[in-house]
Amino acid sequence: MNRTGIICALHFEASAFTRSPHAVPARQPVKLNEQTLLVVSGMGRERAKQAAQTLIEANADYLISFGSAGALAPELKPGDLVQPGEVLDAGRRYTVNTFLSEAARQRLAQQSIAVRDGPLACVDEVAASTDAKQALHRQTGAVAVDMESAGILEAAGHEGLPVFVLRVITDNADMTLPDAILRHIDDFGRVNAPSLGLELLTSPGQVPAALRLACASRRAGKIMRIVAQEVLDHH
């Protein structure tokens with residue numbers, strides 16, 4: 001029986017699988033069922049790579065890079081599910097397992113979840129501004145961006161483990177993430193609410209963008225939960 005290893009960078013993403021995501025210890029495998037392990041890695045390629053190695057050592061047979069992504073293609077919107085065939089990382093191209101991706105695509109179609117394909121870019125820093133997203137889209141042709149998938153694919157590649165990627169869009173290509181959010185969120189997506197609230201009070205011009213992001217994240221979270229349930233039902 002195959003054992004699945006799932007890597008989420010953020011507690012917000014892990015909440016698709018568990019009602020108590022903040023109780024999940026960081027960087028440690030947690031059993032979701034008899035066949036499925038989850039690790040909350042924290043943001044970034046290296047943390048994700050370490051989480052992948054942890055799951056490999058726990059005898060995972062294949063890995064899933066699960067969570068959120070920013071849109072680079074202008075047609076993508078919050079809540080869209082992206083399932084790339086390849087991940088682009090500083091000149092490297094990592095190929096996602098075709099068989100696993102297609103099997104997931106067919107099951108999700110039965111739940112009326114449309115899956116968008118196209119390359120995914122992986123970067124070291126958050127692509128926060130509209131200009132940064134547009135430049136990345138022109139340079140790579142990628143439709144979306146995250147910070148972890150390349151690290152997962154790199155670690156799995158050393159061991160010959162298959163990987164596929166499920167990423168839900170949280171911010172449009174034309175959405176600039178507010179500085180206030182970026183300054184008051186940690187590597188696991190936890191927000192320092194008092195300090196964020198204080199900054200928004202003193203910088204009310206950021207409030208509309210913060211509210212727009214919050215609404216987009218709620219939409220993405222709903223789709224993540226549907227996708228996560230499908231993953232658990234079949235792994």
Side-chain angles (χ1 to χ4, degrees), residues 8-24 26 40-48 65-82 114 116 118 120-140 142-149 166-228:
C8 299
L10 311 177
H11 287 292
F12 160 67
E13 298 162 346
S15 68
F17 294 97
T18 174
R19 294 183 179 181
S20 302
H22 293 287
V24 175
V40 178
S41 66
M43 288 190 287
R45 179 190 292 101
E46 286 306 312
R47 292 188 180 95
S65 173
F66 182 95
S68 55
L72 299 181
E75 66 271 18
L76 292 179
K77 61 185 183 299
D80 284 348
L81 176 63
V82 176
R116 306 295 298 271
L120 177 76
C122 192
V123 296
D124 292 325
E125 297 182 358
V126 177
S129 70
T130 299
D131 287 346
K133 294 176 187 178
Q134 290 176 346
L136 192 58
H137 186 43
R138 287 194 303 269
Q139 292 163 6
T140 66
V143 300
V145 58
D146 77 1
M147 297 175 63
E148 293 80 33
S149 291
L166 294 167
R167 291 281 168 169
V168 180
I169 297 299
T170 52
D171 50 293
N172 301 70
D174 65 354
M175 180 189 295
T176 291
L177 303 179
D179 290 337
I181 297 290
L182 299 176
R183 276 195 287 268
H184 301 292
I185 191 170
D186 71 9
D187 290 331
F188 295 90
R190 296 171 295 205
V191 176
N192 186 326
S195 61
L196 173 60
L198 180 61
E199 178 162 348
L200 291 176
L201 282 173
T202 58
S203 181
Q206 296 190 75
V207 171
L211 291 175
R212 185 183 177 197
L213 180 60
C215 291
S217 295
R218 281 196 294 272
R219 169 64 179 163
K222 290 178 182 178
I223 301 301
M224 281 186 203
R225 286 190 289 275
I226 295 171
V227 175

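Remember, predicted model here, so these are calculated numbers, not experimental data. The basis for the numbers below is simple: all heavy atoms, side chains too, and nothing from hydrogens, waters or symmetry mates.
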Per-pair distances, 0.1 Å, donor-acceptor, side chain in residues 180-190, under 3.5 Å, sequence neighbours excluded:
from: Arg183; atom 1: NE; to: Glu199; atom 2: OE1; distance (Å): 3.4
from: Arg183; atom 1: NE; to: Glu199; atom 2: OE2; distance (Å): 3.2
from: Arg183; atom 1: NH2; to: Glu199; atom 2: OE2; distance (Å): 2.3
from: His184; atom 1: ND1; to: Ser195; atom 2: OG; distance (Å): 3.0
from: His184; atom 1: NE2; to: Glu199; atom 2: OE1; distance (Å): 2.6
from: Asp186; atom 1: OD1; to: Phe188; atom 2: N; distance (Å): 2.9
from: Asp186; atom 1: OD1; to: Gly189; atom 2: N; distance (Å): 3.1
from: Asp186; atom 1: OD1; to: Arg190; atom 2: N; distance (Å): 2.8
from: Asp186; atom 1: OD2; to: Arg190; atom 2: NE; distance (Å): 2.7
from: Asp186; atom 1: OD2; to: Arg190; atom 2: NH2; distance (Å): 3.1
from: Asp187; atom 1: OD2; to: Arg47; atom 2: NH2; distance (Å): 2.8

Identify the two heavy atoms, one from [X] and one from [Y], that lie closest to each other, and give their separation to 0.1 Å.
X      : Y      : result
Met175 : Lys133 : O-NZ, 2.7 Å
Leu76  : Ala71  : CB-CB, 3.8 Å
Thr176 : Ala209 : O-CB, 4.4 Å

### Query
Under the side-chain contact (heavy atoms from CB on, under 4.5 Å) test, which residues partner Ala16, sequence neighbours left out?
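Counting only residues at least two positions away or on another chain, Ala16 forms a side-chain contact (heavy atoms from CB on, under 4.5 Å) with Phe66, Met224, Arg225, Ala228.
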Would you tabulate the side-chain donor-acceptor contacts of residues 210-220 under 3.5 Å, counting partners in other chains and residues two or more places apart, or write 'none'?
from: Arg212; atom 1: NH2; to: Asp174; atom 2: OD1; distance (Å): 3.2
from: Ser217; atom 1: OG; to: Leu213; atom 2: O; distance (Å): 3.0

### Residue list, salt bridge (charged side-chain N to carboxylate O under 4.0 Å, His left out) with Asp124, at least two apart or on another chain
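Applying salt bridge (charged side-chain N to carboxylate O under 4.0 Å, His left out) to Asp124 gives Arg45.
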### Message
Going by the rule salt bridge (charged side-chain N to carboxylate O under 4.0 Å, His left out), which residues pair with Lys77 if we only count those two or more places apart in sequence or in a different chain?
### Response
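Partners of Lys77 under the salt bridge (charged side-chain N to carboxylate O under 4.0 Å, His left out) test: Asp80.
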Donor-acceptor contact present, side-chain [X] to main-chain [Y], <3.5 Å:
X      : Y      : result
Glu148 : Cys8   : no
Arg167 : Ser68  : yes
Gln206 : Asp179 : yes

#### Entry: pair Leu72-Val143: side-chain heavy atoms closer than 4.5 Å
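Side chain of Leu72 against side chain of Val143, heavy atoms only: no contact under 4.5 Å found.
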### Query
Taking side chain as C-beta onward, heavy atoms only, is Asn172 less than 4.5 Å from Pro78?
yes
### Query
Which residue pairs pass the ring pair (Phe, Tyr, Trp, His ring centres under 6.0 Å) test when at least one of the two sits in residues 198-225, sequence neighbours left out?
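Of all non-adjacent pairs touching residues 198-225, none passes ring pair (Phe, Tyr, Trp, His ring centres under 6.0 Å).
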